[in-house]
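These figures come from a predicted structure and were not determined experimentally.
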Amino acid sequence: DTEKHCPLCGTVVFHPEITRDAGTVMYPAGKTPAAPIKPIWPLIIFSAAFLLPIFIVLLCDLQLNGELTWAGYVVGALITSYVILVLPLWFRNPNPVIFVPVGFATTALYVLYINFATGGNWYLPFALPVTAGRCAIVTTAVALIRYVKRGKLYIFGGAFIATGGLTLLTEFLINHTFGFSRFIGWSLYPLT
């Protein structure tokens with residue numbers, strides 16, 4: 001209460017209960033608080049850390065096999081990791097309600113590539129519904145946590161219950177797609 005200026009930066013002390021003269025400015029000239037600026041060098045280094053292995057893997061696969069055989073798996077995993085971990089850092093205020101579905105969409109595309117690369121036919125009947133279900137649960141939970149001020153315990157509880165319900169769907173799709181069994185078994189434990 002006795003300080004007139006900040007001893008470190010010289011900013012005029014503001015306290016809402018202390019009355020000020022009409023001509024007193026809250027911040028001295030040239031000392032207005034600025035939004036923190038994210039340094040761009042770490043992002044460039046992270047991006048290079050993802051690009052360098054991509055080029056090395058592509059060159060190694062071409063050198064060893066004369067064509068691209070296994071490099072797509074590594075490149076797809078690196079791109080998916082980059083989109084999930086580094087891409088949101090490029091934005092000043094990344095909105096998780098946008099980046100969570102983007103991460104799931106990237107994962108779904110990577111799994112689609114694996115399906116085509118292995119000659120499988122399990123993407124549409126199994127992988128896409130499971131990925132879409134998990135995306136819906138996580139995106140809904142993130143949106144509710146971000147925009148609803150109260151009831152976090154209900155949101156987490158609902159997300160856990162929905163995840164338990166999704167395990168039933170996952171087991172059903174495994175049994176239906178791959179022909180393992182006609183009965184629901186292990187998924188009742190996570191649901192419970």
Using every non-hydrogen atom in the two residues, find where [X] and [Y] come nearest and quote the distance to one decimal.
{"X": "Phe99", "Y": "Pro94", "result": "CE1-CB, 3.7 Å"}
{"X": "Arg146", "Y": "Pro96", "result": "NH1-CD, 3.4 Å"}
{"X": "Ala141", "Y": "Ala159", "result": "CB-CB, 4.1 Å"}
{"X": "Leu58", "Y": "Ala71", "result": "CD2-CB, 3.9 Å"}
{"X": "Leu191", "Y": "Ile161", "result": "CD1-O, 4.5 Å"}

Indicate yes or no: at least one non-hydrogen side-chain atom of [X] is less than 4.5 angstrom from one of [Y].
{"X": "Val57", "Y": "Trp70", "value": "yes"}
{"X": "Ile40", "Y": "Trp90", "value": "yes"}
{"X": "Ile54", "Y": "Tyr82", "value": "no"}
{"X": "Leu188", "Y": "Leu168", "value": "yes"}
{"X": "Ile114", "Y": "Trp122", "value": "yes"}

Donor-acceptor pair, Asn175 side chain versus Ile184 backbone, under 3.5 Å?
no

Main chain of Gly164, side chain of Thr167: is a donor-acceptor contact present, judged purely on distance under 3.5 Å?
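Yes: the side chain of Thr167 pairs with the backbone of Gly164.
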
In the single-linkage hydrophobic clustering (I, L, V, M, F, W, Y; side-chain heavy atoms under 4.5 Å), do [X] and [Y] co-cluster?
{"X": "Val148", "Y": "Ile98", "answer": "no"}
{"X": "Val86", "Y": "Leu52", "answer": "no"}
{"X": "Leu78", "Y": "Ile44", "answer": "yes"}
{"X": "Val74", "Y": "Leu59", "answer": "no"}
{"X": "Ile56", "Y": "Leu62", "answer": "no"}

Give a yes or no on this: more than 12 heavy atoms of other residues, nucleotides or ligands lie within 6.0 Å of atom [atom1] of [X].
{"X": "Asn95", "atom1": "CG", "value": "yes"}
{"X": "Arg150", "atom1": "CZ", "value": "no"}
{"X": "Phe46", "atom1": "CZ", "value": "no"}

[atom2] on [Y] to [atom1] on [X], rounded to 0.5 Å:
{"X": "Leu169", "Y": "Arg134", "atom1": "CG", "atom2": "CZ", "answer": "9.0 Å"}
{"X": "Ile137", "Y": "Thr163", "atom1": "CD1", "atom2": "OG1", "answer": "4.5 Å"}
{"X": "Leu87", "Y": "Ile79", "atom1": "CG", "atom2": "CD1", "answer": "12.0 Å"}
{"X": "Thr140", "Y": "Ile145", "atom1": "OG1", "atom2": "CD1", "answer": "11.0 Å"}

Contacts table for residues 105-112: side-chain donor-acceptor under 3.5 angstrom, sequence neighbours left out:
residue: Thr106; atom: OG1; partner: Val102; partner atom: O; Å: 2.8
residue: Thr107; atom: OG1; partner: Gly103; partner atom: O; Å: 2.9
residue: Tyr110; atom: OH; partner: Tyr73; partner atom: O; Å: 2.7

Is the Phe126 ring parallel, tilted or perpendicular to the Phe178 ring (thresholds 30°, 60°)?
perpendicular

Co-members of Phe104 in a cluster of I, L, V, M, F, W and Y side chains, linked at under 4.5 Å
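So far as hydrophobic clustering goes, Phe104 is joined with Val97, Val100, Val138, Val142, Tyr147.
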
I would like to know whether Tyr123 and Phe116 meet ring pair (Phe, Tyr, Trp, His ring centres under 6.0 Å); could you show each step before the answer?
CA-CA 9 Å; Tyr123 182 76; Phe116 285 135; 7.6 Å; no

